[in-house]
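Everything numeric in this text was worked out from a predicted model, so none of it was measured. Along the sequence shown, the residues carry numbers beginning at 1.
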Amino acid sequence: MGLENKTQALIKLRGQLERVTYANEENGYVVAKVRVYGRTDLVTIVGNILSPTPGEILNMSGEWSNHPKFGEQFKIKSCVCSVPASVHGIEKYLGSGLIKGIGSVMAKRIVKIFGENTLDIIENSIEKLHSIEGIGKQRIEMIAKAWTEQKEVRAVMVFLQSHGVSCAYAAKIYKKYGDDAIAIVKENPYRLAHDIFGIGFLTADKIAQTLGFDETSPLRAEAGIMFALSELADEGHVYYSHENLISKTKDMLSVNESVLGIAMQSLLSENKIVVENLIDKEKGNVQGVFLSGYHLAETYIAKKLREIRDFVKNIEKIYADTALKYAQKKLSISLAEKQIEAVKAAIDNKLLIITGGPGTGKTTITKAILEIFSLVTGKILLAAPTGRAAKRMSEATGRDAKTIHRLLEFDPVKGRFKRNEEYPLICDLIVIDEASMVDTLLMYHLVKAIPRQATLILVGDINQLPSIGAGNVLKDVIHSKAFAIVELNEIFRQARQSAIIVNAHRIINGQYPKIDNAQNSDFYFIDKEDQEEVLEKVILMVKSRIPEKFGFDSVNDIQVLTPMNRGIVGTGKINEALQGALNPQGFEIVRGGRRYRVGDKVMQIRNNYNKNVFNGDIGIISEADQEEQTISVNIDGRNIRYEYSELEELVLAYAISIHKSQGSEYQAVVIPLVTAHYVMLQRNLVYTGITRGKKLVVIVGSKKAMFISINNNKTSARNTYLCERLCQPEPERVNK
């Protein structure tokens with residue numbers, strides 16, 4: 001009875017949406033201003049609205065409330081949207097960016113000619129738009145397509161929202177499946193987790209339940225296992241033990257083991273997973289479960305690396321002593337004993353790993369090797385995992401260097417790299433820098449394309465964080481002892497003048513850094529305990545202190561690196577604060593609770609082969625086109641276009657995680673370090689962050705947090721089997 005009365009007491013309100021103040025596309029929550037009939041002032045409304053568009057007519061039910069800070073608000077309980085009828089409303093509706101090809105200026109022109117009949121003209125007689133200045137055949141086609149898609153997307157949105165899906169994904173689902181979107185989702189909602197970036201298993205599972213899928217459905221069990229393995233891969237694992245996988249999935253799905261057993265067999269028969277009998281150093285015999293792609297990659301890497309090592313060189317014999325004299329004279333250097341050992345190893349071996357920290361001479365060795373090999377071959381390739389690392393490699397060597405992705409030439413039409421066994425790279429020597437960043441899948445594609453007769457040299461720092469993607473390739477290759485390895489540990493005299501390099505080596509060796517905060521130092525520690533004070537100091541350093549003292553640009557030269565994404569001094573909060581401090585105004589697009597402005601520093605957070613941009617690439621938003629509903633981001637001198645629906649691939653990058661900074665180098669680095677980051681505080685994390693700074697490192701935080709980091713040398717173990725594969729014959733495969 002009480003509920004019935006409450007429902008009857010709801011107030012009905014009708015008005016025109018004037019502007020959206022805030023919209024969270026993840027959950028559909030909106031704060032907006034509405035022009036309500038009969039009221040002079042605009043009304044603030046709050047609640048969930050399906051894809052709100054200025055100009056729309058809103059028929060709302062809800063209740064009035066008084067917010068202590070924002071005053072009177074109307075809280076929406078339900079809302080039905082309809083297209084506007086007034087000239088003002090139609091102009092606002094079309095000018096909102098809803099329809100690609102129509103911005104605010106074009107909307108004015110159209111409505112001025114057609115008035116209240118505008119929407120009917122677009123729906124039924126769109127060719128009449130030819131009479132509007134600036135609208136030709138191509139733009140009419142664009143408007144027609146966008147108008148149709150908008151209606152279809154709205155239908156998909158209504159369907160999905162009724163089954164617990166947020167508005168944010170409707171356009172992407174429609175873009176992927178087209179007019180079949182609703183039918184596909186009804187048939188197998190678990191496909192969404194695999195096909196749509198940003199929709200995980202948990203969201204797909206909620207949709208499935210509202211559609212009536214049973215908890216014991218085979219589709220659900222199979223999707224759950226695949227999701228668990230994908231999550232584990234995101235944590236760095238190439239495989240997981242069968243026992244632990246079943247336990248993890250059982251808890252997640254709340255089903256018995258027999259259901260999972262049937263699902264495992266189905267996945268095996270479809271070749272989606274591979275199960276192998278492995279020998280774990282600690283646990284003995286283990287049944288390892290791999291996603292099939294990772295199993296293929298790891299076994300192939302082991303096979304191909306051995307082939308490269310054992311195959312005959314394709315170049316004439318190099319005499320080491322003569323070559324060394326030549327290289328040293330050409331470069332006007334005198335190589336140290338360990339450097340000579342490394343150069344000789346490159347001459348004598350088909351596969352070589354050179355590892356060492358900053359200031360140990362890796363670049364000098366690489367330059368000497370390149371000089372020597374260039375005497376006998378012109379077929380030399382240089383590559384690194386990221387654009388910044390490739391650029392740095394090119395600057396250091398004076399030779400062209402590419403990212404590995406660009407070296408392998410991705411074909412967006414076929415959805416794969418062009419370079420492979422059938423169409424290999426043309427090279428007699430290939431040098432890969434920042435090899436610690438290369439994950440299992442990228443290494444697989446790389447070695448597929450390397451001819452067996454080529455010499456492969458991997459250069460990297462084994463003490464850095466492992467790759468963001470699954471695997472621990474460099475460490476596994478080194479630990480296998482199956483290849484020639486030169487480990488550099490001596491800091492050269494010139495490098496010893498840098499407090500950054502000296503302290504990086506102290507930290508990795510378990511010693512507290514030397515801190516004197518001298519006027520001419522390149523390493524500073526600012527002692528702050530309170531997180532709010534740390535945040536305030538970080539903003540001050542980036543905005544004014546460092547630019548004023550050292551002349552570095554706040555956006556282009558200074559990079560904030562954090563141990564974590566969350567918290568008061570995580571990447572999220574620091575980015576919001578720095579955006580407000582460095583780029584507070586201008587045209588902005590709001591997507592998923594994020595604000596994007598022209599001039600913002602942003603980072604790509606997934607590999608997008610079609611755009612030729614990759615996880616970790618950083619750029620600046622150079623322009624925004626409301627009519628086209630696109631923004632352009634300048635990344636390494638290239639302007640990359642993103643549609644509004646693709647913006648979740650970009651995040652603000654005034655601050656990024658230390659993990660994401662691997663392979664990059666910045667003029668100045670600012671690192672907040674607090675005890676609240678406890679779970680992430682590890683020696684190699686702080687070491688990696690510090691070694692990203694080229695000319696200046698400023699740490700703001702507590703000495704206790706620094707001590708915790710230095711004393712924690714336990715890195716999170718990753719389940720990989722590459723080391724063992726390189727040392728022994730291929731293990732028994734259960735599902736042969």
Original post:
Atom CD of Glu18 and atom CG of Leu42: how far apart are they, to the nearest 0.5 Å?
Top reply: 6.0 Å
Subject >> Heavy-atom pair with the smallest gap, counting every atom of Leu407 and Ala383 >> reply: CD2-CB, 3.9 Å
Subject >> N/O donor-acceptor pair under 3.5 Å between Arg220 side chain and Phe213 backbone >> reply: no
Subject >> Tyr93 (side chain) donor-acceptor with Pro54 (main chain) under 3.5 angstrom >> reply: no
**OP:** For the pair Arg109 (side chain) and Ile135 (backbone), establish whether a donor and an acceptor sit closer than 3.5 Å, ignoring hydrogens and angles.
**Re:** no
Original post:
Side chains of Tyr423 and Glu409: does their closest heavy-atom pair fall under 4.5 Å?
Top reply: yes
**OP:** Test side-chain hydrogen bond (donor to acceptor under 3.5 Å, both in side chains) on Arg606 and Asn615 and set out the steps.
**Re:** CA-CA 4 Å; Arg606 65 173 292 210; Asn615 191 353; over 6 Å; no
Subject >> Arg566, CZ: over 12 other non-hydrogen atoms inside 6.0 angstrom >> reply: no
Original post:
So, His405 versus Phe410, ring centres under 6.0 angstrom or not?
Top reply: no
Original post:
Do the side chain of Ser554 and the main chain of Val542 share a donor and acceptor less than 3.5 angstrom apart?
Top reply: yes
Original post:
Taking C-beta and beyond as the side chain, do Ile621 and Val602 meet within less than 4.5 Å on heavy atoms?
Top reply: yes
Original post:
Do Leu211 and Val185 have side chains that get closer than 4.5 Å, going by heavy atoms?
Top reply: yes
Original post:
What distance separates Asn188 CG from Leu219 CG, expressed to the nearest 0.5 Å?
Top reply: 4.5 Å
Original post:
Between the side chains of Ser622 and Asn639, is a donor N or O closer than 3.5 angstrom to an acceptor N or O?
Top reply: yes
**OP:** Applying side-chain hydrogen bond (donor to acceptor under 3.5 Å, both in side chains), run through Gln209 and Asp205 and close with a yes or a no.
**Re:** CA-CA 6 Å; Gln209 287 177 35; Asp205 196 32; 3.2 Å; yes
**OP:** Would you please classify the geometry between the Phe227 ring and the Phe201 ring as parallel, tilted or perpendicular, with 30° and 60° separating the classes?
**Re:** parallel
Original post:
Is a side-chain N or O of Ser544 found less than 3.5 angstrom from the main chain of Leu540, in a donor-acceptor match?
Top reply: yes
**OP:** Say whether, by atom type as modelled, one donor and one acceptor occur between the side chain of Gln662 and the main chain of His659 under 3.5 angstrom.
**Re:** yes
**OP:** Scan side-chain atoms only and decide if Asn583 and Arg597 contain a donor-acceptor pair under the 3.5 Å cut-off.
**Re:** no
**OP:** For Lys108 and Glu91, run salt bridge (Lys or Arg N to Asp or Glu O under 4.0 Å): C-alpha distance rounded to whole Å, both residues' side-chain angles, the deciding distance at 0.1 Å, then the answer.
**Re:** CA-CA 6 Å; Lys108 268 188 195 309; Glu91 183 183 313; 3.1 Å; yes
Subject >> Closest heavy-atom pair and its distance - Arg388, Ser664 >> reply: CD-OG, 3.3 Å
**OP:** Starting at CG of Asp617, measure out to CZ of Arg638 and round the result to the nearest 0.5 Å.
**Re:** 7.5 Å
Subject >> Close side-chain approach of Thr562 and Ile658, heavy atoms under 4.5 Å >> reply: no
**OP:** Count the heavy atoms belonging to other residues, nucleotides or ligands that lie under 6.0 Å from CZ of Arg545, then report whether that count exceeds 12.
**Re:** no
**OP:** Would you indicate whether the side-chain heavy atoms of Ile468 and Asp439 approach each other to under 4.5 Å?
**Re:** no
**OP:** Apply side chain to side chain contact (heavy atoms under 4.5 Å, CB included) to the pair Glu56 and Lys92, showing each step before the final yes or no.
**Re:** CA-CA 8 Å; Glu56 281 184 316; Lys92 209 164 191 63; over 6 Å; no
Original post:
Which value, rounded to the nearest 0.5 Å, describes the distance between Thr118 atom OG1 and Ile110 atom CD1?
Top reply: 7.5 Å
Subject >> Smallest separation among heavy atoms of Gly62 and Phe74, with atom names >> reply: N-CZ, 3.4 Å
**OP:** Report, as yes or no, whether the 6.0 Å neighbourhood of atom NE2 on His194 holds more than 12 heavy atoms from other residues, nucleotides or ligands.
**Re:** no
Original post:
Tell me, do Tyr177 and Leu192 make a side-chain contact under 4.5 Å, heavy atoms counted?
Top reply: yes
**OP:** Taking atom types as modelled, find out whether Asp625 and Thr630 have a side-chain donor-acceptor pair closer than 3.5 angstrom.
**Re:** no
Subject >> Considering all heavy atoms, the nearest Gly15-Met60 contact >> reply: N-CE, 4.4 Å
**OP:** Quick one: do Arg595 and Glu588 satisfy salt bridge (Lys or Arg N to Asp or Glu O under 4.0 Å)? Show the steps, please.
**Re:** CA-CA 6 Å; Arg595 296 178 184 274; Glu588 69 176 23; 2.4 Å; yes
Original post:
Does some side-chain heavy atom of Glu646 sit less than 4.5 Å from a side-chain heavy atom of Glu643?
Top reply: yes
Subject >> Flag for Asn575-Lys601: side-chain donor and acceptor within less than 3.5 Å >> reply: no
Subject >> Side-chain donor-acceptor contact under 3.5 Å, Glu649 with Asn608 >> reply: yes
**OP:** Starting at CD1 of Ile102, measure out to CH2 of Trp147 and round the result to the nearest 0.5 Å.
**Re:** 8.0 Å
Original post:
Would you say Asn634's side chain and Gly637's backbone share a donor-acceptor pair under 3.5 angstrom?
Top reply: yes
Original post:
Less than 4.5 Å apart, any side-chain heavy atom of Ile404 and any of Leu408?
Top reply: yes
Original post:
For Gln585, does the CD atom have more than 12 heavy-atom neighbours from other residues, nucleotides or ligands under 6.0 Å away?
Top reply: no
Subject >> Within 6.0 angstrom of Arg19 CZ, more than 12 heavy atoms from elsewhere >> reply: no
Original post:
About how many Å separate CD of Gln604 and CZ of Phe614, when rounded to the nearest 0.5 Å?
Top reply: 9.0 Å
Subject >> Leu652 vs Asp600, side chain to side chain contact (heavy atoms under 4.5 Å, CB included): CA-CA, chis, key distance, verdict >> reply: CA-CA 7 Å; Leu652 290 177; Asp600 272 339; 3.7 Å; yes
Original post:
Shortest non-hydrogen contact from Ile546 to Ala668?
Top reply: CG2-CB, 4.4 Å
**OP:** Verify, without hydrogens or angle tests, whether Asp553 (side chain) and Asn556 (backbone) share a donor-acceptor contact under 3.5 angstrom.
**Re:** yes
**OP:** Report the C-alpha separation of Leu13 and Val36 in whole Å, then their side-chain angles, then the decisive distance to 0.1 Å, and conclude whether the side chain to side chain contact (heavy atoms under 4.5 Å, CB included) test is met.
**Re:** CA-CA 7 Å; Leu13 206 64; Val36 174; 3.9 Å; yes
Original post:
Between Gln16 and Ile57, does a side chain to side chain contact (heavy atoms under 4.5 Å, CB included) hold up when you go through it step by step?
Top reply: CA-CA 5 Å; Gln16 181 173 287; Ile57 304 301; 4.1 Å; yes
Original post:
Do Arg39 and Glu72 pass the salt bridge (Lys or Arg N to Asp or Glu O under 4.0 Å) test, and can you show the C-alpha distance, the side-chain angles, and the key distance before you say yes or no?
Top reply: CA-CA 13 Å; Arg39 291 180 66 115; Glu72 186 184 57; 3.0 Å; yes
Original post:
Any donor-acceptor pair under 3.5 Å linking the side chain of Tyr596 with the backbone of Leu650?
Top reply: yes
Subject >> Cation-aromatic face contact Lys611/Tyr642, 6.0 Å, 45 degrees >> reply: yes
Original post:
Does Arg419 count as lying over the ring of Phe417, i.e. NZ or CZ under 6.0 Å from the six-ring centre, within 45 degrees of the axis?
Top reply: no
Original post:
So, the side chain of Ser125 versus the backbone of Ile121: is there a donor-acceptor pair under 3.5 Å, distance only?
Top reply: no
Original post:
What are the two closest heavy atoms between Ile539 and Ala581, and how far apart are they?
Top reply: CG2-CB, 4.0 Å
Original post:
Can you find a side-chain donor-acceptor pair between Thr44 and Lys33 that sits under 3.5 Å?
Top reply: yes
